[in-house]
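Notes for the one structure printed next.
Keep in mind it's a predicted model, so treat the numbers as computed, not measured. Every heavy atom of this structure was used, including side-chain atoms; hydrogens, water molecules and symmetry mates were not. Reminder, nothing fancy here: chain letters follow the sequence lines and each chain counts from 1.
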There are 2 protein chains.
Amino acid sequence: MSTIKDVAKLSGISRSTVSRVINNHPYVNEEKRIRVKAAMKELGYVPNSSAQRLRGSKTKTIAVLISRIVNPFFSGLVDAMDSVATEAGFQLILCNTRGSKEREMTYLNLLRTKQVDGVVFASIENNWDDIKPYLAYGPIVLCNEYTDQTDIPSFRINHFQASYEATLHFIKQGKTRIGLCRGDETIGSNLGSDREKGFLKALQDHQLTFNEQWLFRNATNFNDGRHVFQKVERMSERPDAIFTGSDEVATGIISESRNSSIHVPNDLSVIGFDDQQIADVITPGLTTIRQPIQKMGEQTMQHMIHILTNQTSLIGHTELLKTELIVRGT
Amino acid sequence: MSTIKDVAKLSGISRSTVSRVINNHPYVNEEKRIRVKAAMKELGYVPNSSAQRLRGSKTKTIAVLISRIVNPFFSGLVDAMDSVATEAGFQLILCNTRGSKEREMTYLNLLRTKQVDGVVFASIENNWDDIKPYLAYGPIVLCNEYTDQTDIPSFRINHFQASYEATLHFIKQGKTRIGLCRGDETIGSNLGSDREKGFLKALQDHQLTFNEQWLFRNATNFNDGRHVFQKVERMSERPDAIFTGSDEVATGIISESRNSSIHVPNDLSVIGFDDQQIADVITPGLTTIRQPIQKMGEQTMQHMIHILTNQTSLIGHTELLKTELIVRGT
DNA sequence: CTGAAAGCGCTAACAC
DNA sequence: GTGTTAGCGCTTTCAG
């Protein structure tokens with residue numbers, strides 16, 4: 001493994017000038033620049049990034065925290081972020097927390113140990129109070145998630161409103177016994193509770209009462225959806241519509257309904273969230289709320305890179321992206 | 001940001017001993033160990049990983065190359081690898097090549113610049129000749145992909161055989177005009193060509209001829225599947241069955257067929273690859289070849305970590321995992 | 001068991 | 001424009 005010293009020796013030029021060539025400094029004699037480049041090529045020299053990092057304390061690496069990469073919502077987000085990051089010369093460390101608070105803190109420590117320049121939270125497990133101290137070590141940007149305990153930048157949709165609209169759609173269709181699936185109750189996040197509030201507000205605005213039995217907690221994936229349906233099946237008083245927090249859950253419900261006499265959408269309407277590929281392909285087509293996933297990921301990463309590049313953060317900058325209700329068969 | 005020097009000063013103990021405490025060396029006086037730990041805590045000290053890397057030339061980081069994270073096959077693979085890596089204290093850098101040779105080489109350079117300890121190829125774009133030289137900088141392990149140009153470890157299925165079996169299934173059902181979708185033609189990879197060979201061998205063994213028109217190249221995602229169907233629709237002599245390289249492509253074909261008079265599976269049978277969630281949910285259910293994605297990812301990462309930990313590689317070790325034909329409606 | 005000291009490879013003043 | 005030099009923060013001989 002050759003070092004800058006070897007290049008200097010071979011080319012007969014000092015280390016500092018070699019370094020200048022590496023970093024494209026101006027004011028380097030053209031002839032020497034060529035000699036240095038030739039030596040670098042001959043030795044197959046590449047700068048050692050650990051040394052550069054130690055010296056410059058920049059890693060050109062960003063940690064992206066998500067709960068499950070296999071969820072198309074998150075892989076879409078990561079994909080969008082990756083495009084922007086790559087373009088700007090940054091790498092991404094994949095931080096798949098699997099919903100674990102401990103793992104989230106472990107990843108957050110990458111910031112303290114200078115292994116990453118910044119952290120993007122696309123899912124959030126811990127209370128903000130526990131995360132806040134890490135702001136001292138580098139920028140943190142939120143994507144999708146948010147909390148009223150802080151005003152750091154967040155790129156997301158208005159979950160209250162989206163939820164209100166979905167519920168309203170049910171009501172307009174004459175549904176009166178409307179249920180709700182929500183995800184885990186993360187203390188530090190307002191996402192789930194805002195969705196619940198929007199849902200309840202819509203019911204309240206139309207004089208509908210809510211049966212607590214129709215609130216399904218911790219429903220986040222396909223199998224959870226199947227279990228939700230099984231529970232519904234066993235109920236004496238069943239909901240006639242369910243607003244789910246994700247297309248995966250909704251798909252699980254629809255899939256499981258096929259083994260039963262309860263018909264979707266005649267007996268049970270379903271609305272999903274995200275507008276994933278599957279929503280368009282399943283029969284009946286899944287009515288769902290489309291999130292601008294790509295835009296959300298791109299804007300988040302652009303902002304992070306802006307902070308990292310210009311050292312200035314737009315504190316309190318919250319970008320609210322538009323959602324759209326996609327009406328299909330369910 | 002406090003350093004080892006600060007800890008040494010505060011505790012009144014030398015840097016070397018502090019370092020020993022950090023690294024859990026034996027032979028450190030218990031009382032001193034406690035004093036050091038107290039000082040570390042008081043200062044909120046964390047070792048700077050760039051310095052550790054520079055000194056020790058270990059990064060505890062592995063690069064995973066895939067072509068598209070939004071493909072459920074790859075996100076499943078990454079998820080499995082991540083579990084194993086995290087468990088062993090390694091991080092993953094996500095290398096989404098998007099099918100670009102250049103980007104693949106850029107990522108491969110992480111190995112040269114000592115930013116990662118090893119590289120896993122779960123997709124491969126360049127010719128092996130161009131990748132080979134990088135073996136000098138660290139271990140490379142293949143997952144899913146392979147090439148006969150090298151015998152480095154590979155964890156994968158037998159694509160020839162899987163393809164043969166799928167084609168045989170069509171033949172047993174009385175199909176005679178069988179088409180094939182394959183992905184990009186990567187020079188360095190045998191995957192696509194082996195699938196094609198298995199397919200052709202099955203036809204040949206049953207005295208069926210192959211119409212070149214029914215070979216669809218560069219079909220890798222949902223939209224490609226839709227285009228394939230559109231092409232089929234315009235043909236005067238249509239295939240009565242298509243073996244696709246992925247469930248995504250198959251889903252695209254089925255989805256597009258709904259706007260046409262060609263009925264799946266009556267007029268056109270389809271077999272997918274991977275057995276993704278969607279195969280079970282779509283109607284009609286998609287017949288497909290199940291790959292042991294999780295096991296493949298886990299074994300690959302276990303092997304990589306084994307190499308990194310024990311400095312020994314099982315050259316020529318190819319693990320062939322079992323596939324299973326899942327028969328559904330198409 | 002512990003401390004002093006020598007670097008790992010690189011960059012950035014600083015002087016020429 | 002260019003070379004000399006002093007570290008960045010850490011680990012690891014090598015003596016004690």
* Structure fact -> The nucleotide from D/dT4, C/dG3, C/dA12 with an atom nearest the side chain of A/Ser14 is D/dT4
* Structure fact -> Closest of C/dA13, D/dG9, C/dC10 to the A/Pro47 side chain is C/dC10
* **Check: A/Arg53 side chain, C/dG9 base, donor-acceptor under 3.5 Å** => no
* To do: Mind calculating the distance between CD1 (A/Ile4) and P (D/dT5) to the nearest angstrom?
  => 16 Å
* Just checking, is any N or O donor in the side chain of A/Gln115 or B/Arg53 under 3.5 Å from an acceptor N or O on the other one? -> yes
* Asked: When you check the phosphate oxygens OP1 and OP2 of D/dG3, does a side-chain N or O of A/Tyr27 lie under 4.0 Å from one of them?
  -> no
* Would you tell me whether B/Gln294 and B/Glu298 have side-chain atoms, one donor and one acceptor, within less than 3.5 Å of each other? => yes
* Asked: Within this structure, what is the CE-to-P distance between A/Met40 and C/dG9, rounded to whole angstrom?
  -> 17 Å
* To do: May I have the distance from A/Lys58 (atom NZ) to D/dC8 (atom P), rounded to whole angstrom?
  => 17 Å
* **d(CZ, B/Arg112; P, C/dG9) in whole Å** => 16 Å
* Asked: B/Lys5 has an atom NZ; how far is it from atom C1' of D/dC10, in whole Å?
  -> 12 Å
* B/Lys32 or B/Leu54, whichever maps to the more 5' nucleotide of DNA chain C -> B/Lys32
* Between C/dG3, D/dT2, D/dC10, which nucleotide has the shortest distance from any of its atoms to the side chain of B/Thr3? -> D/dC10
* Whole Å only: how far is the CD atom of B/Glu30 from the P atom of C/dT2? -> 10 Å
* salt_bridge(B/Lys101, B/Glu104) N-O dist < 4.0 Å -> no
* **Test item: B/Thr59 side-chain N/O and B/Lys114 main-chain N/O as donor-acceptor pair under 3.5 Å** => no
* Between P of C/dG9 and CD of B/Gln115, the distance in whole Å -> 16 Å
* Among D/dG1, D/dG3, D/dG9, which is the nearest nucleotide to the side chain of B/Ala51? -> D/dG9
* Can you tell which of C/dA4, C/dG7, D/dG3 lies closest to the side chain of A/Thr17? -> D/dG3
* To do: Select one nucleotide: of D/dA6, C/dG9, C/dT2, the one nearest the side-chain heavy atoms of B/Arg20.
  => C/dT2
* Residue closer to the 5' end of DNA chain D, A/Ser16 versus A/Gly56 (nearest nucleotide) -> A/Ser16
* Asked: Does one side chain, of B/Ser75 or A/Arg68, offer a donor that lies under 3.5 Å from an acceptor on the other?
  -> no
* Asked: Can you check the A/Asn48 CG to D/dC8 P distance for me, whole Å?
  -> 18 Å
